[in-house]
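The shown structure was predicted, so the numbers you read here are calculated from the model rather than taken from an experiment. Order of the sequence lines fixes the chain letters, A, B, ..., with proteins taken first and strands second; residue numbering starts at 1 for each chain.
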Amino acid sequence: MQAKALPGFRDFYPADLALRAHILHTWRAVASRYGFEEYDGPPLEPLELYTAKSGAEIVGQLYNFTDKGGREVALRPEMTPTLARMVAARANGLKKPIRWFALPQLFRYERQQRGRLREHFQLNCDLIGEPGPLADAELIALAVDVMRAFGLGPGDIKVRLSDRRVLRTLLLASGVTDQQLPAAFQAVDKIERAERRALAEPLAAAGMTAGTIDGVFAAAALRGLPAVEAALARAPGGEETGRPLRRVVEALGAMGLGEFVEVDLTIVRGLAYYTGTVFELFDAGRTLRAICGGGRYDGLLEALGGVDLPAIGFGMGDVVLAELLRERGLVPADVSSIDVFVAAISEQDVPEVLALAHELRDAGLRVEYALTTQAVGKQLRLADARNARAALVIGPDDRARGQVMLKDLRGQGQEPVDRTQVVERLARMAAVV
RNA sequence: GUGGUUGUAGCUCAAUCGGUUAGAGCGCCGGACUGUGGCUCCGGAGGUUGCGGGUUCAAGUCCCGUCAGCCACCCCA
């Protein structure tokens, strides 16, 4: 067998790359609409950038090695530490709120599965310096509008929205202690993937009573803002705690995006650093992994970069998104095509073919011609396979008359055109998309 | 990293109970067709049946190992 790409890494054939380019172009276009500016950092970083705050066990999922200078380095698994460093270095000079996005290729060493490789491209959007709920709504709206730009509507994808402060308040009201909160968060996070009995076991082991455990499951079962607010009304300080979540939902509703949003407290996100709003985007049938996930991380920039700024961000990978687009038939067709194919009748016509092809290319058209002398029919078959919209056929007779034959390959007709007018004629045709 | 499952041509698949030289469609190359594409017809190339070992007169088929894909767990920055 021939050498293949490493497990979890992809070869992009032209059709694959066309889809990837479509995704990256759309990401850039929508982020720009929101006034976000693109930045980037190195794909290779010091290992300690990722281990300093997360601990050594994370090394197991990093592509890390010692470079020739003896430095411990890692391929970037996420963008946030790089972002934190860059923002911290110029924090005083950057106008707030900072709206930045990046399209990094990220790497993680773990066993691959469908929708989950060892390498992927990710749209990373962060809004830094604004703690209020309107910033949260702005960022979620950006994620939703990316979906809409791909042609996906509220029947295709949903935003599952939660707020860790809300969940925390409800859990505390049920009798969960501060020490028990991490265990309770973890149980809520897994509630859809595990049996209730299996989840209750560690909670009991953490010292919770049966009644408190019931309270944990009750909070996780709440769906929709009214149900969550009703539960909050019975918790100390609940009304106050629920205000940001309500504002986020209302703002998204005002933007006309309310149909996409589902309040669901089981969205916890694994990361310990989220402090408030958290959300994930899923396909409506929930057959695929999350398309996008993010949340508010108000303490993280200080921990990573030493600058205390509130922030909210999300990451959206290309792998699950591409699967969804393929599934829904939203992949742009006809990705490769040329404008003009220039065919020679005889070998004596080749110099004229070369001259004309070059003039057309100078005019910005996409042009191909046969690289060996071959029958006209064969050249036109190649033109057809290339999705050319027109062919120019040049033979001795045409040259003698100072003309070329222009064939419309999307239709059937053909007509002689003066050699002096060909370039202008075709340039005009190509301009009409 | 753990457990399960699947590997046949570029792609999608076939091959009876273990039995002759592993086939088909699509795609690709060439021809019919030296002044005209799509269609059609004809021909061709392309396989260490993922890889290695074992059982057997005989292995794509059975057994073991390994690699890879998929599924679940772990994790999801």
Task: Base B/rU36 to side chain A/R381, donor-acceptor N/O within 3.5 Å cut-off - done: no
- [ ] Check whether the side chain of A/R116 and the base of B/rC75 form a donor-acceptor pair under 3.5 Å.
- [x] yes
How long is the line joining [atom1] of [X] and [atom2] of [N], in whole Å?
X      : N      : atom1 : atom2 : result
A/Q61  : B/rG1  : CD    : C1'   : 10 Å
A/I345 : B/rG35 : CD1   : C1'   : 4 Å
A/Y274 : B/rC76 : OH    : P     : 11 Å
A/L409 : B/rU36 : CG    : P     : 15 Å
A/E280 : B/rC75 : CD    : C1'   : 13 Å
A/D397 : B/rU36 : CG    : P     : 12 Å
A/Y109 : B/rC74 : OH    : C1'   : 15 Å
A/E352 : B/rG35 : CD    : C1'   : 16 Å

Just to be sure I understand the rule, does [X] reach a base, reach only the sugar-phosphate, or reach nothing, if contact means heavy atoms closer than 4.0 Å?
X      : result
A/G295 : nothing
A/M79  : nothing
A/P81  : nothing
A/P7   : sugar-phosphate
A/Q374 : nothing
A/A383 : nothing
A/G377 : sugar-phosphate

Suppose you measure atom [atom1] in [N] against the same atom in [M]; what distance do you get, rounded to whole Å?
N      : M      : atom1 : value
B/rA45 : B/rA24 : P     : 12 Å
B/rU12 : B/rG7  : P     : 13 Å
B/rU21 : B/rG38 : C1'   : 38 Å
B/rG50 : B/rA68 : P     : 16 Å
B/rG10 : B/rG46 : C1'   : 9 Å
B/rU16 : B/rG60 : C1'   : 14 Å
B/rU61 : B/rU49 : P     : 10 Å
B/rG65 : B/rA22 : P     : 29 Å

Task: Heavy-atom pair with the smallest gap, counting every atom of A/T82 and A/P42 - done: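 Minimum heavy-atom separation between A/T82 and A/P42: CG2-CD, 4.3 Å.
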Task: Residues within residues 180-199 of chain A bordering RNA chain B, heavy-atom distance below 4.0 Å - done: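 The answer is A/K190, A/R193.
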Open item on the list: Looking at A/Q379, I'd like to know whether one of its side-chain N or O atoms comes within less than 4.0 Å of OP1 or OP2 on B/rG37.
Closed with: no
Task: A/K378 side-chain N/O to B/rG31 phosphate OP1/OP2 under 4.0 Å - done: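 Checking B/rG31 against A/K378, a side-chain N or O does come within under 4.0 Å of OP1 or OP2.
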Open item on the list: Wobble G-U and Watson-Crick pairs count when both distances are under 3.5 Å; given that, what is the 5' to 3' dot-bracket string of RNA chain B, with | for pairing to other strands?
Closed with: (((((((..((((.....[...)))).(((((.......))))).....(((((..]....))))))))))))....
Task: Between A/Y63 and A/F9, ring centroids under 6.0 Å - done: yes
Open item on the list: Taking the ring of A/F107 and the ring of A/H120, is the distance between their centroids below 6.0 Å?
Closed with: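 Judged by ring-centre distance (under 6.0 Å), A/H120 and A/F107 do not meet the cut-off.
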Nearest-neighbour nucleotide for the [X] side chain, [options] considered:
X      : options                : answer
A/V393 : B/rG37, B/rU36, B/rG1  : B/rU36
A/R108 : B/rG38, B/rU36, B/rC76 : B/rC76
A/V376 : B/rC71, B/rG37, B/rG35 : B/rG35

- [ ] Using heavy atoms to find the nearest nucleotide of RNA chain B for A/A388 and A/A375 separately, return the residue whose nucleotide is more 5′.
- [x] A/A375
Open item on the list: Judged by each residue's nearest nucleotide on RNA chain B, which is more toward the 5′ side, A/R289 or A/Q414?
Closed with: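 The 5'-side residue here is A/Q414.
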Open item on the list: Once side chain to side chain donor-acceptor pair (under 3.5 Å) is applied, what residue pairs with a partner in residues 308-320 of chain A remain, sequence neighbours excluded?
Closed with: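 Qualifying pairs, neighbours excluded: A/R10-A/D318.
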Open item on the list: Quick check on side chain to side chain contact (heavy atoms under 4.5 Å, CB included): which of A/D126, A/L281, A/L123 does A/F314 satisfy it with?
Closed with: A/L123
- [ ] Sort out for me which residue in A/V353, A/V393, A/V404 forms a side chain to side chain contact (heavy atoms under 4.5 Å, CB included) with A/V342.
- [x]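 Of A/V353, A/V393, A/V404, side chain to side chain contact (heavy atoms under 4.5 Å, CB included) with A/V342 is met by A/V353 alone.
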Task: Over-ring placement of A/R386 relative to A/F341, 6.0 Å and 45° cut-offs - done: no
- [ ] With A/R164 as the cation and A/F185 as the aromatic partner, state whether NZ or CZ is under 6.0 Å from the six-membered ring centre and within 45° of the axis.
- [x] no
TODO: Return the set of residues passing ring pair (Phe, Tyr, Trp, His ring centres under 6.0 Å) with A/Y39 (not counting sequence neighbours), or none when no residue passes.
DONE: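 Counting only residues at least two positions away or on another chain, A/Y39 forms a ring pair (Phe, Tyr, Trp, His ring centres under 6.0 Å) with A/W100.
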- [ ] Kindly write out the residues that satisfy salt bridge (charged side-chain N to carboxylate O under 4.0 Å, His left out) with A/R33, not counting sequence neighbours, or none if the list is empty.
- [x] none
Open item on the list: Could you work out, with salt bridge (charged side-chain N to carboxylate O under 4.0 Å, His left out) as the rule, every residue matching A/D397, not counting sequence neighbours?
Closed with: none
Open item on the list: Please check: side-chain N/O of A/K96 versus main-chain N/O of A/A91, any donor-acceptor pairing under 3.5 Å?
Closed with: yes
